[in-house]
Amino acid sequence: MHNPSSTLPSLISELRAEMRRSPRRSHLHELARRRIDAPHEIIDWAKRDRRWSFTLAEIMNEPIGMARELAARLLVAIVDELEQER
């Protein structure tokens with residue numbers, strides 16, 4: 001089990017760069033799904049994070065089956081929010 005805090009920042013910056021190139025959410029979502037190795041670690045990290053726990057809570061209001069799907073939606077939402085702040 002590797003540490004998500006070391007891989008998350010690089011995954012998020014990769015997704016942000018991809019969003020600037022191609023802002024299609026479906027494309028970004030698919031990329032996130034493919035790149036996520038440990039969805040439960042990402043979800044646990046977001047639960048502990050003061051900022052992203054709210055984003056996670058919003059996403060969890062929608063019916064989502066698998067952890068990988070939830071983690072992918074979370075990463076896309078994080079990237080979305082960070083890009084809007086830019």
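Small disclaimer: the values here were computed from a predicted structure and weren't measured.
Atom-to-atom distance recorded for Lys47:NZ and Leu56:CG is 7.0 Å, nearest 0.5 angstrom. The line from CZ of Arg16 to CG of Leu75 is 12.5 Å long, rounded to the nearest 0.5 Å. The distance from the CG atom of Leu74 to the CE atom of Met60 is 10.0 Å, given to the nearest 0.5 Å. Taken to the nearest 0.5 Å, the CG atom of Leu11 stands 4.5 Å off from the CG atom of Leu15. Taking CG of Leu8 as the reference point, atom CG of Asp49 lies at 10.0 Å (rounded to 0.5 Å). The distance from atom CZ of Arg73 to atom CD of Glu58, rounded to the nearest 0.5 Å, is 13.5 Å.
Across all their heavy atoms, Ser10 and Ser13 have their closest contact at O-OG, 3.2 Å. When all heavy atoms of Ala77 and Ile59 are compared, the pair lying nearest together is CB-CD1, 3.7 Å.
One N or O on the side chain of Arg68 and one on the backbone of Arg33 form a donor-acceptor pair closer than 3.5 Å.
For the pair Asp37 and Thr7, the minimum side-chain heavy-atom distance is 4.5 Å or more. Inter-residue side-chain proximity for Arg86 and Glu83 is flagged as met; some heavy-atom pair is nearer than 4.5 Å. In this structure the side chain of Leu70 never reaches within 4.5 angstrom of the side chain of Ile42, judged on heavy atoms.
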Side-chain donor-acceptor contacts of residues 22-31 below 3.5 Å, not counting sequence neighbours, with atom names and distances?
{"unit_1": "Arg25", "atom_1": "NH1", "unit_2": "Asp80", "atom_2": "OD2", "d": "2.4"}
{"unit_1": "His27", "atom_1": "NE2", "unit_2": "Glu18", "atom_2": "OE2", "d": "2.8"}
{"unit_1": "His29", "atom_1": "NE2", "unit_2": "Glu69", "atom_2": "OE2", "d": "2.8"}

